[in-house]
Colleague: 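Here it is, the structure in full.
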Protein chains: 2
Amino acid sequence: MKQFTKYIIKNSLKRIFLYRACLSRLKLMGVEKVFSYTLANETGVTSEQVRKDFSEFGIKGNKKGGYNTNELLEVMENIFHRNKEHNIILIGMGNLGIALSKHSQFIQRNMNIVATFDIDPFKQKVRSDIPVYSLSRLKEIIDRFKVKVAILAVPEISAQEVTDELVRLGIKGIVNFAPVLLKVPQDVIINNVNLCNELESVIYYVHQQIKADGSKNLELLYKGMKY
Amino acid sequence: MKQFTKYIIKNSLKRIFLYRACLSRLKLMGVEKVFSYTLANETGVTSEQVRKDFSEFGIKGNKKGGYNTNELLEVMENIFHRNKEHNIILIGMGNLGIALSKHSQFIQRNMNIVATFDIDPFKQKVRSDIPVYSLSRLKEIIDRFKVKVAILAVPEISAQEVTDELVRLGIKGIVNFAPVLLKVPQDVIINNVNLCNELESVIYYVHQQIKADGSKNLELLYKGMKY
DNA sequence: GAAATGATGTGAAACAATTCACAAAATACA
DNA sequence: TGTATTTTGTGAATTGTTTCACATCATTTC
């Protein structure tokens, strides 16, 4: 029954992303020491939460001395395996696929899109630094670059089919931009990113806000995930 | 202290998105009646959860008879104010901005990007169905189309500056693609979408999986948000 | 039309996450 | 050196969420 449910992105991991973003900024500003309340203030969580999260990942600070910015950043880089290079493939070179293939932040963070794929031979000619292949060459590339993670930006209709093939060829994690709930074996991680939903939730909350208009009830409306 | 923390996207709202996606599919397949366990099976949650979520939004079904697919869909459309047209603006016509401006799903769901903006006059010439304006015309467009929600796809460096301007001009909700924690007044909703983080979390879990390799501990690793 | 069935809806219980409260340790300073 | 101060780290308490268990009711069946 729960065959394709995945519990992913534990809250504390999401917050680690926040802390890291702050730390990078603080490092640039030349701050050498941070305290749990510094990060707390910057990210809008409590300082106890910061310390609890750290303890979950085994991060230790110095009593009174706080945390060393560089050390802390390094620990976080390790959590996300940033020391290693990660070879990623991208399937679907539509509007979104093209944008993702050019997304410079991926490279900055050691995530290299080694190849992109599309079913349409015309799109395979699109000029880009990254080669665009036909899907028939998936196996070859996945094997050669030992790819474990794929970005899926294909149309809804072909998402499941492509996923099945990816899983067959050994892909273990997928960031899925198609608005479909993919069915995959237990051991494959799916992270769904649905741009419409992201926009619609904002519309939803803006409307709630307008209805409630500055009342205290707002606090209640916003329980759940923190950003 | 918590000035720019926002609690958004309550879990049940996120799940409502899942249910709706299923319902749309079921409707296309001609299914007229659904039961809580139908949706539960399809989305990977429990049937009690489905009913609890529904009760939160005041959705009532028929004892024994389940829910009518069309009625249920309509209720959900109303939750997300889909009956109304929503005028959105998009700021930043880089790779991602261009892809978003062409994203057909937005239009399918009554979310119209009425105008796009960029600081670079060259990009303002880019061919598109949607006009690309200079930022100096923000006020005019926001007022004319009564825009309340904006998509922010500008570089990190200018994100806060543009946000301040948007807020000043009456924008109440922002989908932010820049990897920055924006500072906004209490009554403005921010939804951060960080593509690198989405990819990195998959890499994280794939690595955990490889380490743990099929053990029962995996269940523990995945607690938190459900997808 | 009475009994059996199958679904909803919801308090109560179990579980999970966050906050509180404070001991412990490191530093600063007299 | 000893006392005051500041910050970490973590059990305990609280708060929030999910699951359980079952009363309720509409429908079907006999």
Side-chain angles (χ1 to χ4, degrees), chain A residues 1-2 5-16 18-19 23 26 31-69 71-72 75 217 219-227, chain B residues 1-2 5-16 18-19 23 26 31-69 71-72 75 217 219-227:
Chain A
M1 171 175 172
K2 284 204 180 183
T5 305
K6 282 259 125 53
Y7 287 79
I8 58 169
I9 320 290
K10 213 180 160 189
N11 292 351
S12 54
L13 188 71
K14 281 214 165 173
R15 286 191 298 263
I16 294 281
L18 291 181
Y19 306 147
L23 279 170
L26 291 170
V31 179
E32 284 175 9
K33 229 202 260 178
V34 292
F35 304 105
S36 58
Y37 60 82
T38 322
L39 289 170
N41 275 326
E42 292 288 310
T43 56
V45 304
T46 65
S47 55
E48 300 90 325
Q49 182 86 81
V50 173
R51 297 199 298 275
K52 268 271 153 84
D53 288 337
F54 282 6
S55 95
E56 190 148 353
F57 287 92
I59 297 171
K60 298 272 170 187
N62 314 302
K63 299 264 159 99
K64 183 133 189 190
Y67 307 82
N68 178 285
T69 311
E71 280 175 25
L72 197 48
V75 172
N217 307 354
E219 202 72 39
L220 287 166
L221 291 170
Y222 299 153
K223 66 187 170 177
M225 283 301 300
K226 273 179 207 176
Y227 280 79
Chain B
M1 172 172 168
K2 283 204 182 181
T5 304
K6 282 260 125 51
Y7 289 79
I8 58 169
I9 322 285
K10 216 181 157 186
N11 292 350
S12 54
L13 188 71
K14 280 215 164 171
R15 285 191 300 262
I16 293 282
L18 292 180
Y19 306 148
L23 279 169
L26 292 170
V31 179
E32 282 174 13
K33 228 202 260 178
V34 291
F35 303 104
S36 58
Y37 60 80
T38 322
L39 290 170
N41 275 326
E42 290 289 309
T43 56
V45 304
T46 65
S47 55
E48 301 90 325
Q49 182 86 80
V50 174
R51 296 198 300 274
K52 267 272 150 87
D53 287 339
F54 282 6
S55 95
E56 189 149 356
F57 286 93
I59 297 170
K60 297 272 170 187
N62 314 303
K63 298 265 160 98
K64 184 134 193 191
Y67 307 82
N68 176 286
T69 311
E71 280 175 26
L72 198 48
V75 172
N217 306 353
E219 202 71 40
L220 288 166
L221 291 169
Y222 299 152
K223 66 186 171 180
M225 283 302 299
K226 272 180 207 175
Y227 281 80

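Note that these values count all heavy atoms, side chains included, but never hydrogens, waters or copies made by symmetry. Chain A is the first sequence line, chain B the second, and so forth, proteins listed ahead of strands; every chain is numbered from 1.
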Colleague: Between C:dG9, D:dT18, C:dT19, spot the one nearest the side chain of B:Lys60, thanks.
Modeller: C:dG9
Colleague: Taking the side chain as C-beta and beyond, is there a heavy-atom pair between B:Leu23 and B:Leu39 under 4.5 Å?
Modeller: yes
Colleague: Taking OH from B:Tyr37 and C1' from C:dT8, how many angstroms apart are they, rounded to a whole number?
Modeller: 12 Å
Colleague: Check whether any side-chain heavy atom of B:Ile16 lies under 4.5 Å from a side-chain heavy atom of B:Phe57, and answer yes or no.
Modeller: yes
Colleague: Apply side-chain hydrogen bond (donor to acceptor under 3.5 Å, both in side chains) to B:Glu48 and list each qualifying residue two or more places apart in sequence or on a separate chain.
Modeller: B:Thr46
Colleague: Between D:dT18, D:dC20, C:dA21, which one does the side chain of A:Glu48 approach most closely?
Modeller: C:dA21
Colleague: Tell me whether the side-chain N/O atoms of B:Ser36 come closer than 4.0 Å to OP1 or OP2 in C:dT8.
Modeller: yes
Colleague: Atom CZ of B:Phe35 and atom CZ of B:Arg51: how far apart are they, to the nearest 0.5 Å?
Modeller: 12.0 Å
Colleague: For a quick check of understanding: with a heavy-atom distance under 4.0 Å over all strands, which category does B:Phe54 fall into, base, sugar-phosphate or nothing?
Modeller: nothing
Colleague: What are the two closest heavy atoms between A:Thr69 and A:Lys33, and how far apart are they?
Modeller: OG1-N, 3.4 Å
Colleague: Could you check which of D:dT17, C:dT8, C:dA12 has an atom nearest any side-chain atom of B:Phe35?
Modeller: C:dT8
Colleague: Protein-nucleotides 26-30 of chain C N/O pairs closer than 3.5 Å?
Modeller:
residue : atom : partner : partner atom : Å
C:dA26  : O4'  : A:Lys63 : O            : 3.4
C:dT27  : O2   : A:Lys64 : NZ           : 3.2

Colleague: CZ of A:Phe57 versus P of D:dG9: gap in Å, rounded?
Modeller: 15 Å
Colleague: Expressed in angstrom and rounded to an integer, what is the separation of B:Lys52 atom NZ from D:dT19 atom P?
Modeller: 11 Å
Colleague: Can you name the ring pair (Phe, Tyr, Trp, His ring centres under 6.0 Å) partners of A:Phe54, sequence neighbours left out?
Modeller: A:Tyr19, A:Tyr67
Colleague: Is the phosphate of D:dT19, meaning OP1 or OP2, less than 4.0 Å from a side-chain N or O of B:Gln49?
Modeller: yes
Colleague: OP1 or OP2 of D:dT19 versus the side-chain N and O atoms of B:Thr46: is any pair under 4.0 Å?
Modeller: yes
Colleague: Check whether any side-chain N or O of A:Arg51 sits under 4.0 Å from OP1 or OP2 of D:dG9, and answer yes or no.
Modeller: no
Colleague: Measure from the side-chain heavy atoms of B:Tyr67 and tell me the nearest of C:dG9, C:dA17, D:dT18.
Modeller: C:dG9
Colleague: Hey, could you give me the CG/CZ distance between B:Asn11 and B:Arg15, rounded to the nearest 0.5 Å?
Modeller: 5.5 Å
Colleague: Does B:Arg15 put a side-chain nitrogen or oxygen below 4.0 Å from OP1 or OP2 of D:dT18?
Modeller: yes
